Amino acid sequence: MSKLIKAVRGMYDSHGMDARLWGRLDRAYATIMQRYAYDAVRTPIVEPVGLFARAIGEVTDVVEKEMYVFEDRGGEKLALRPEGTAGVVRAGIENGLLYNQIQKLWYAGPMYRYERPQKGRNRQFHQMGAEVFGLGGPDVDVELIEMTAELWRELGILDGVTLELNTLGQSDERRAYRDELVAFLRANFDALDADSQNRVDTNPLRVLDSKSPQTQALLTDAPTLHDFLGGESIAHFEALKAGLDDAGIAFRVNPRLVRGLDYYNRTVFEWTTEHLGAQGTICGGGRYDGLVEQLGGKPTPGVGFALGVERVLLLVEALGQIPADLQRDADVFMMATSDAGEATIRRLARELRAHSDQRVAVLHGGGSFKSRMKKADRSGARVLVLLGDDEQANAQVSLKPLRGQGEQITIAQDGWLNALADMEQ
């Protein structure tokens with residue numbers, strides 16, 4: 001007997017209800033992107049290592065510890081993409097899409113990071129994101145956040161998430177703040193957790209995001225970035241907050257929110273939840289006005305977000321927001337009671353599929369009438385389309401409600417679609 005081959009650790013199959021929910025999220029997301037006039041962009045899963053080192057930062061956990069890196073047969077050092085923004089920026093520069101242009105783009109696909117697999121954190125995970133180039137004002141920041149809120153509302157999870165908001169100011173403001181923060185952290189070095197100690201000289205702003213209670217307690221006395229912001233950064237942040245208020249989107253200002261990647265400036269935000277334990281962030285983003293130039297393009301403002309598909313689906317399930325139609329294997333179940341009606345029932349199914357987006361299941365194979373009816377009921381369908389010998393002989397079909405009230409009716413085959421539509425209302 002051959003040895004069983006299993007999936008790579010931390011990489012999972014999607015099937016059953018999970019796959020159905022995923023499909024629903026795909027459709028909802030694509031619809032919202034179309035509603036806001038964003039165009040799809042598809043980039044390779046494999047990119048040069050240098051793209052992520054320059055974009056994300058060489059001293060980030062992603063680049064230092066988590067990327068899947070390998071050499072191809074030509075000796076080029078490549079990486080499986082750990083996030084989506086850098087690849088979209090690279091594609092925009094390479095294809096001449098960004099300079100002196102406004103681009104609104106969206107993407108979806110797998111990302112890869114080598115880390116300890118746990119609930120909501122896989123080695124192959126999936127993101128949906130959007131990026132806007134050429135617009136530097138806070139109004140587009142509001143638009144992106146509004147799009148995510150619309151998606152949460154569509155999925156029924158808006159009441160289970162909280163929007164956290166912060167501003168990181170501009171690079172010169174962050175440099176001045178960084179010096180003050182490093183001085184504070186060094187003065188209290190022994191009170192920091194080990195990870196924060198390692199970040200003091202390499203990435204001190206990430207200390208603000210520490211999950212250690214002792215470090216967070218210490219940071220109550222730390223200098224705050226907001227004290228170093230200039231008038232332009234403050235005005236941008238105030239306009240962002242006013243725009244969210246106008247859109248009716250509640251938020252909480254979190255002065256310690258910094259995000260995990262080096263390219264952010266000004267606006268940063270996260271949608272978080274208390275229903276998923278430690279993996280409480282389901283979406284995050286912000287502004288990265290210097291990234292295009294950093295990757296070799298002309299100075300171009302940029303802003304975007306990415307949501308974690310697996311975490312969003314976990315939250316949908318945790319909040320019990322699985323739609324009734326996804327809990328059914330079919331909306332309409334169709335069957336003939338004998339072999340003589342098989343060709344006719346398949347023709348009627350083709351007719352229904354041509355005029356409807358409903359899930360239509362046709363019973364294949366034999367069995368007693370009782371066993372066939374059990375299969376129809378187990379499908380969860382609302383209506384059974386039944387073709388018996390009498391119906392076959394008289395060019396008729398019977399429609400039987402399987403859920404709720406209603407009587408079985410028998411009708412001519414040339415008018416059955418209208419009768420089915422009336423029965424489902």
Side-chain angles (χ1 to χ4, degrees), residues 52-67 83 85-86 115 136 138 141 164-241 251-270 272 278 280-281 284-291 293-295 299 301-303:
F52 303 111
R54 287 168 62 182
I56 299 172
E58 293 190 16
V59 294
T60 58
D61 287 347
V62 173
V63 172
E64 287 186 321
K65 304 174 184 178
E66 298 171 0
M67 279 204 307
E83 58 94 51
T85 300
E115 51 188 344
D141 303 12
E164 297 190 2
L165 200 66
N166 194 22
T167 178
L168 300 181
Q170 302 187 70
S171 57
D172 58 334
E173 295 161 352
R174 281 198 309 282
R175 280 195 296 271
Y177 171 63
R178 185 184 188 280
D179 291 341
E180 290 289 327
L181 178 62
V182 169
F184 173 83
L185 295 175
R186 284 177 177 162
N188 296 275
F189 190 83
D190 292 340
L192 298 172
D193 64 280
D195 282 344
S196 296
Q197 289 178 344
N198 292 332
R199 288 172 172 159
V200 168
D201 293 314
T202 58
N203 201 347
L205 265 64
R206 287 301 313 280
V207 176
L208 301 177
D209 201 29
S210 170
K211 300 300 185 288
S212 165
Q214 69 185 52
T215 298
Q216 283 299 323
L218 174 67
L219 290 173
T220 57
D221 296 323
T224 63
L225 176 56
H226 286 232
D227 293 335
F228 292 79
L229 298 179
E232 189 177 343
S233 294
I234 292 173
H236 186 105
F237 194 51
E238 292 301 317
L240 168 63
K241 293 189 290 183
F251 60 88
R252 180 174 72 87
V253 175
N254 178 1
R256 297 182 189 174
L257 177 61
V258 295
R259 301 289 296 143
L261 308 180
D262 277 1
Y263 50 61
Y264 287 112
N265 71 307
R266 287 190 177 173
T267 302
V268 288
F269 66 89
E270 289 184 351
T272 63
T281 300
R287 187 160 279 283
Y288 47 85
D289 293 335
L291 183 58
E293 186 176 11
Q294 187 177 321
L295 293 180
V303 61

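Every value quoted in this text rests on a predicted model; they were computed, and no experiment measured them.
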Of all heavy-atom pairs between [X] and [Y], which one has the smallest distance, and what is that distance?
X      : Y      : result
Ala239 : Pro138 : CB-CG, 3.5 Å
Thr215 : Ser196 : CG2-OG, 3.8 Å
Gly169 : Arg174 : O-NH1, 3.1 Å
Arg287 : Gly302 : CG-O, 3.3 Å
Leu168 : Tyr264 : CD1-CB, 3.9 Å
Gln214 : Asp193 : NE2-N, 3.6 Å

Nearest-0.5 Å distance, [atom1] of residue [X] to [atom2] of residue [Y]:
X      : Y      : atom1 : atom2 : answer
Thr281 : Glu270 : OG1   : CD    : 4.0 Å
Asp227 : Glu173 : CG    : CD    : 12.0 Å
Leu225 : Arg178 : CG    : CZ    : 13.0 Å
Thr167 : Leu240 : OG1   : CG    : 8.5 Å

Original post:
Knowing that exactly one of His226, Arg256, Arg252 qualifies, which makes a side chain to side chain donor-acceptor pair (under 3.5 Å) with Asn166?
Top reply: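 The single option meeting the side chain to side chain donor-acceptor pair (under 3.5 Å) with Asn166 is His226.
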Measure from the side-chain N and O atoms of [X] to the backbone N and O of [Y], and report whether any donor-acceptor pair falls under 3.5 Å.
X      : Y      : answer
Thr220 : Ala217 : yes
Tyr177 : Pro223 : yes
Asn265 : Gln170 : no

Original post:
With sequence neighbours left out, what residues match Glu293 under side-chain hydrogen bond (donor to acceptor under 3.5 Å, both in side chains)?
Top reply: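 Partners of Glu293 by the side-chain hydrogen bond (donor to acceptor under 3.5 Å, both in side chains) criterion come out as none, since no residue qualifies.
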**OP:** Kindly write out the residues that satisfy side-chain hydrogen bond (donor to acceptor under 3.5 Å, both in side chains) with Thr272, not counting sequence neighbours, or none if the list is empty.
**Re:**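 Residues passing side-chain hydrogen bond (donor to acceptor under 3.5 Å, both in side chains) with Thr272: none at all.
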Is any side-chain heavy atom of [X] closer than 4.5 Å to a side-chain heavy atom of [Y]?
X      : Y      : result
Asp141 : Arg266 : no
Leu185 : Val207 : yes
Asp179 : Arg175 : no
Val253 : Phe237 : yes

